[in-house]
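To start, the structure itself, in structure tokens.
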Amino acid sequence: MTKIVIVGGVAGGASAATRARRLDEQAHIVLLERGPYVSFANCGLPYYVGNVITERKKLAVQTPQSLHARFNLDVRTHSEVVAINTAAHEVTVRNVQTDETYVEPYDKLLLSPGAEPVRPPFPGSDLDRVLTVRSIPNVDRITSILEDEHAQSCVVIGGGFIGIEMAENLSLRGISTSIVELSNHVIKSVDADMAADLHAELRRGGIALHLNTGVTAIRQNGDSLLVDTSGGDALACDFAILAVGVRPESAIARDAGIACGPHGHILVDDHMQTNAPDVYAVGDAIQVVDFVTGANTAIPLAGPANRQGRIAAENMLGGNCRYTGTQGSSVVKVFSLCAASTGLTEEAARAQGIVFDKTYLTQGHHAGYYPGARMMGLKVLWDPQTGKLLGAQAIGPEGADKRIDVIATAIRLGADVRDLASLELCYAPPFGSAKDPVNMAGFVAENVLSGKLRQFFPEDVAGLPRDGSVTLLDVRTPQERVTNGCIDGFVNIPVDELRGRVSEIPADKPVYVHCKSGQRSYIACRILTGLGYTCFNLTGGFDRWSAATRG
């Protein structure tokens, strides 16, 4: 009989434990959890704060009793592993309630310790009302401040997933909320030009954004706090949320001689095994391989942690399953929008020296003639030589996540960006368009790769010459220019008048064309190209340029 000891529950550890039981009814499976909850919905914590999830008990996905009843697991909460002896195949466990310790032997050991919120070293980060969001006790403290102490204001430090979700849910509860973010945009998994739509939505939701801003200190101010920022402001609030990132809880592994990476993440092979015999690791504490680039990285997400737990369970019981890497597919709700992404962003590609091409689309999330259609923005990156898909981002209402799921699947299966054009996707007017945005991205990429379409980008607009050496052309209607504004230096000839007014455009100069979204300007470019002009289309159009400029 194999004895498996698992350190840490939640996503990776609990998934491994239940998978191991399904594979081996005779195995002795011990699950050790430092906290009071062995399997809880940590991704649901912000929504409990926001009263979207109204019953606290629903956060507990499984209890020790339910796991024992269904899976015959030996679950021990309040049990902290304080040392690992890999040579003796045993761990030392401390009961956090009594402080008693004991030694637990194992045949196979799985580490799923997760990652802890970072507390930056600035003064005041350890004050009582400076809180983090990782566990049910954390949100119990937050709800106590809201309900028992009647807090009215909060500063959220960090604009990542947790920061955004907490800010939204606090705002929905009527709490005056600010976000302080060191970067020039929220949500690292999308680029700044796409995040501009999220900034507008956050502001519409009543949240004050302080971008390109750091926190230098937090000071007690009577019963409230003052958050000092690098911009010189002192933001008053009743409490603050730290959401600046996480670090792996890997100290016990490192102390046991288990290899860790430069940032403390436990090193594993594609079987989830560490360098120590019979010791495996999964979840937010491990270093993974980026599926797109093959580089080592860390991507703390629940989906990959669950899959890693399943693979580790198989291999601890004699299987031969491989983990092939993490893409970083993710989605976050921002009031009425969602931001979804997979693979590389433009910022990540540039940082790694990866050459790419890209395009933007703006299209309704379902058929325009069906009531309620709302615009969705899509950005797709690919290798300009091979067409290999590198990444995608979508910002929009419901359905944005569906499009990224499709592209994430295509990336996982090694698709060329042109393959998106041939995907046969579900269509009915309430759900999509006959030419889905994913298909449209493939059509655009086909045109670019075949040379039928030359693009220029929002960041190129400011640098275009205004000296007459090129023609800058806006093919929207005059009313659109009045209503929505225009780009300096672009003359207006509506696309439907273009053939009759083509003599107004010098034939010996390149033409740079834009419309609202890039569709009509593409038609204009095809007309002009057919008449012998050299034409470039502003991908994403005026709307994407305007959003990127607005920031």
Side-chain angles (χ1 to χ4, degrees), residues 181-188 190-200 203 209-213 231 344-351 353-362 375 377-381 384 393 395 444 448 453-478 480-495 498 504-506 508-525 528-529 533-551:
E181 168 54 47
L182 190 59
S183 172
N184 66 343
H185 70 283
V186 300
I187 308 297
K188 185 179 179 181
V190 301
D191 288 311
D193 49 15
M194 298 294 285
D197 295 338
L198 302 179
H199 298 164
R203 291 173 177 130
L209 282 181
H210 301 267
L211 302 174
N212 294 303
T213 302
L344 291 177
T345 62
E346 179 174 347
E347 293 175 27
R350 290 189 188 282
I354 295 171
V355 178
F356 63 90
D357 206 342
K358 63 179 178 178
T359 198
Y360 303 88
L361 295 166
T362 302
M375 289 296 106
L378 178 64
K379 179 178 182 178
V380 180
L381 280 68
Q393 304 155 47
I395 310 288
V444 172
V448 172
L453 172 63
R454 295 182 175 96
Q455 298 185 116
F456 69 108
F457 304 103
E459 62 268 26
D460 299 327
V461 171
L464 292 173
R466 267 73 171 178
D467 59 1
S469 59
V470 301
T471 300
L472 307 180
L473 182 62
D474 177 351
V475 297
R476 297 175 299 161
T477 66
E480 285 179 278
R481 287 168 61 90
V482 171
T483 302
N484 300 317
C486 56
I487 304 176
D488 178 58
F490 280 73
V491 298
N492 182 222
I493 301 178
V495 65
L498 185 57
E504 300 175 30
I505 303 172
D508 59 344
K509 300 176 182 178
V511 185
Y512 291 81
V513 188
H514 84 80
C515 66
K516 175 180 171 62
S517 67
Q519 185 175 15
R520 284 173 291 171
S521 50
Y522 166 66
I523 294 169
C525 267
L528 293 171
T529 300
Y533 290 79
T534 298
C535 191
F536 298 85
N537 183 36
L538 177 59
T539 181
F542 179 88
D543 283 356
R544 185 51 50 200
W545 171 84
S546 178
T549 304
R550 181 175 66 245

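Thr539 OG1 to Gln455 CD: the interatomic distance, rounded to the nearest 0.5 Å, is 4.5 Å. Here the SG atom belonging to Cys515 is positioned 8.0 Å from the CD atom belonging to Glu480, to the nearest 0.5 angstrom. Taking CD from Gln393 and CD1 from Ile187, the interatomic distance works out to 11.5 Å, rounded to the nearest 0.5 Å. Separation of atoms NE2 (His514) and CH2 (Trp545) is listed at 8.0 Å; rounding is to 0.5 Å. We find the CZ-CG distance between Arg466 and Asp488 to be 5.5 Å, quoted to the nearest 0.5 Å. Here the straight-line distance linking atom CG of Asp193 with atom NZ of Lys379 works out to 3.5 Å at 0.5 Å rounding.
Contact check for Ile487 versus Leu472: no side-chain heavy atoms found under the 4.5 Å cut-off. Here the side chains of Leu528 and Leu498 are in contact, with some heavy-atom distance below 4.5 Å. Leu453 is not listed as a side-chain neighbour of Thr359, based on a closest heavy-atom distance of 4.5 Å or more. Using a 4.5 Å heavy-atom cutoff, the side chains of Leu464 and Phe490 are in contact. Side-chain contact between Val461 and Phe456 is present, with at least one heavy-atom pair separated by less than 4.5 Å. Taking 4.5 Å as the limit, some side-chain heavy atom of Asn184 sits within range of a side-chain heavy atom of Asn212.
Scanning all heavy atoms of the two residues, the minimum distance from Arg550 to Ala200 falls at NH2-CB, 4.2 Å. Counting all heavy atoms, side chain and backbone alike, Met194 lies closest to Gly377 at CE-O, 3.6 Å. In terms of heavy-atom proximity, Pro494 sits nearest to Thr477 at CG-CA, 4.4 Å. The two atoms that bring Pro506 and Thr471 nearest to each other are CD-OG1, 3.6 Å, heavy atoms only. Pro458 and Ala548 get closest at one heavy-atom pair: CB-CB, 4.4 Å. For Thr213 against Gly231, the heavy-atom pair with the smallest separation is CG2-N, 4.3 Å.
Counting non-hydrogen atoms of neighbouring residues, nucleotides and ligands closer than 6.0 angstrom, the CD atom of Gln519 reaches no more than 12 such neighbours.
When only modelled atom types and interatomic distance are considered, Asn537 and Ser521 share a side-chain donor-acceptor pair under 3.5 Å. Side-chain contact annotation: Asp460 with Tyr512, donor-acceptor N/O pair under 3.5 Å absent.
Every residue two or more places apart in sequence or in another chain was checked for a ring pair (Phe, Tyr, Trp, His ring centres under 6.0 Å) with Phe457, and none qualifies. The ring pair (Phe, Tyr, Trp, His ring centres under 6.0 Å) search around Tyr533 returns none, not counting sequence neighbours.
The backbone N or O of Arg544 lies less than 3.5 Å from no partner atom in the side chain of Ser546, so there is not a single donor-acceptor pair. With hydrogens and angles disregarded, a donor-acceptor distance shorter than 3.5 Å links the side chain of His199 to the backbone of Val186. The backbone N or O of Gly468 sits less than 3.5 Å from a side-chain atom of Lys509, completing a donor-acceptor pair. Between the side chain of Thr534 and the backbone N or O of Pro510, no donor-acceptor pair lies under 3.5 Å.
Asp474 has no carboxylate O lying under 4.0 Å from a charged side-chain N of Arg520, or vice versa, which leaves the two without a salt bridge.
Glu346 pairs with exactly one of Leu381, Ile354, Val190 by the side chain to side chain contact (heavy atoms under 4.5 Å, CB included) rule, that one being Leu381.
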